[in-house]
Visitor: 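Quick one: the structure is below, questions incoming.
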Amino acid sequence: MSQMRLAYENLRDLILTLELAPGERLSERWLETRFEGSRTPIRAALVRLETEGLIQREGRGYIVAPIQLGEIEHVFAFRETVEIGAARLACESATPADIDVIDEMLDSCRSDTPREEWHRVGNEFHVELARLSGNPFFARSLDDIMTRLSRARWLEIWNEAARDRAWGEHRRILELMRARKPDRAAAAISAHIRGSCDRLLTSVSENRRGLRARGFSVVN
């Protein structure tokens, strides 16, 4: 694996799991030492992460992008439009075997499964649904969307009830797609996304003081 790729993947993982706090400054010298890379591949990794919205320039350096509540709302609105369109197409083109694969993804998460795995599968569920549309642009859009929402989703209140609600809604969407009911599948995915947005924004807004105490930058 190239130095750039290694630095990019490791730094991306640190950002998405909040080990590097939103708003935290990034020193090129620290990154070169941490990932044992030279300046050129480190800078290339930073540029790629900037295009993904995970870091941003500040002065002559970089910081981890703050959590922006306004951006979250915009991303969810875009996500709803994309997923509704993808769900309608998937109802027409997806085979039962295609849907079975996603069902098995959900089954892979059990009560003792680490939260990290629930988080990953929850993201992939939506990307794979978009892939069933047969249009690669839907899948690419959803992959980018879920990446941009990933950090904020880590801040959402997480408990057994929230987990079971999300998985129940996922399964309901799959049932409607399997039954080839595009209108109802679109309505179900719309309700799921809007509910997720409301819960996430409420969770982050109510916990802003605690997040700031942890060094997390959360802005409107």
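These numbers were taken from a predicted model, which means no experiment stands behind them.
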Visitor: Please determine whether residues V82 and L174 belong to a single hydrophobic cluster, defined as Ile, Leu, Val, Met, Phe, Trp and Tyr linked transitively by side-chain heavy-atom distances below 4.5 Å.
Guide: yes

Visitor: For residues N123 and R153, is any side-chain donor paired with an opposing acceptor at under 3.5 Å?
Guide: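 The answer is yes; a qualifying pair exists.
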
Visitor: For V218 and R208, which heavy atoms make the closest approach, and how far apart are they?
Guide: O-NH2, 3.0 Å

Visitor: Between W118 and W167, what is the ring plane arrangement, given parallel below 30°, perpendicular above 60°, and tilted in between?
Guide: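 W118 vs W167 ring planes: perpendicular.
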
Visitor: Answer yes or no: is there a donor N or O on one side and an acceptor on the other, between the side chain of T33 and the main chain of R29, under 3.5 Å?
Guide: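 Confirmed, T33 side chain pairs with R29 backbone.
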
Visitor: Less than 4.0 angstrom from a charged side-chain N to a carboxylate O is my criterion; do R172 and E175 meet it?
Guide: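 Yes, charged N to carboxylate O under 4.0 Å.
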
Visitor: For A44 and M4, which heavy atoms make the closest approach, and how far apart are they?
Guide: CB-CG, 3.5 Å

Visitor: Looking at every heavy atom in both T17 and W154, which two are closest together, and how far apart are they?
Guide: CA-NE1, 4.2 Å

Visitor: Could you tell me which residues satisfy salt bridge (Lys or Arg N to Asp or Glu O under 4.0 Å) with D103, sequence neighbours excluded, listed by chain and number?
Guide: R171, R178

Visitor: Mind listing the closest non-hydrogen atom pair of H119 and S150 along with its distance?
Guide: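 Nearest pair, atom of H119 first, then S150: NE2-OG, 3.1 Å.
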
Visitor: Which heavy atom of E80 sits nearest to which heavy atom of R194, and what is that distance?
Guide: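 Closest heavy-atom pair between E80 and R194: OE2-NE, 2.8 Å.
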
Visitor: Taking the basic N atoms (NZ, or NE/NH1/NH2) and the acidic carboxylate oxygens, is any pair closer than 4.0 Å for D144 and R140?
Guide: no

Visitor: Tell me, do L54 and L11 make a side-chain contact under 4.5 Å, heavy atoms counted?
Guide: no

Visitor: Side chain to side chain contact (heavy atoms under 4.5 Å, CB included) for R43 and V47? Distances and angles first, verdict last.
Guide: CA-CA 6 Å; R43 285 185 173 176; V47 168; 5.5 Å; no

Visitor: Run the salt-bridge test on E124 and R120 with the 4.0 Å N-O cut-off and return the result as yes or no.
Guide: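 Salt bridge between E124 and R120, a charged N being under 4.0 Å from a carboxylate O: yes.
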
Visitor: Does the Lys NZ or Arg CZ of R5 fall within the cation-pi geometry relative to Y8 - under 6.0 Å from the ring centre and within 45° of the axis?
Guide: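 Because its charged atom misses either the 6.0 Å distance or the 45° angle limit, R5 does not stack over Y8.
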
Visitor: Between E9 and R12, does any side-chain N to carboxylate O distance fall below 4.0 Å?
Guide: no

Visitor: Please confirm whether the backbone N or O of A21 pairs with a side-chain atom of E24, one donor and one acceptor, at under 3.5 Å?
Guide: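 Yes: the side chain of E24 pairs with the backbone of A21.
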
Visitor: With under 30° as parallel and over 60° as perpendicular, where do the rings of H126 and H170 fit, or are they tilted in between?
Guide: perpendicular

Visitor: So which pairs with a foot in residues 67-78 pass side chain to side chain donor-acceptor pair (under 3.5 Å), sequence neighbours left out?
Guide: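 Those involving residues 67-78 do not exist here.
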
Visitor: Does a side-chain heavy-atom distance below 4.5 Å link L89 with L132?
Guide: no

Visitor: Going from CD on E116 to CG on D13, what distance comes out if it is rounded to the nearest 0.5 angstrom?
Guide: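 The distance works out to 10.0 Å.
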
Visitor: Quick one: closest heavy-atom pair of I67 and A152, and the distance?
Guide: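 Taking I67 first and A152 second, the nearest heavy atoms are CD1-N, 4.1 Å.
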
Visitor: Sequence neighbours excluded, which residues qualify as side chain to side chain contact (heavy atoms under 4.5 Å, CB included) partners of S93?
Guide: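 Once residues adjacent in sequence are excluded, S93 has no partner under the side chain to side chain contact (heavy atoms under 4.5 Å, CB included) criterion.
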
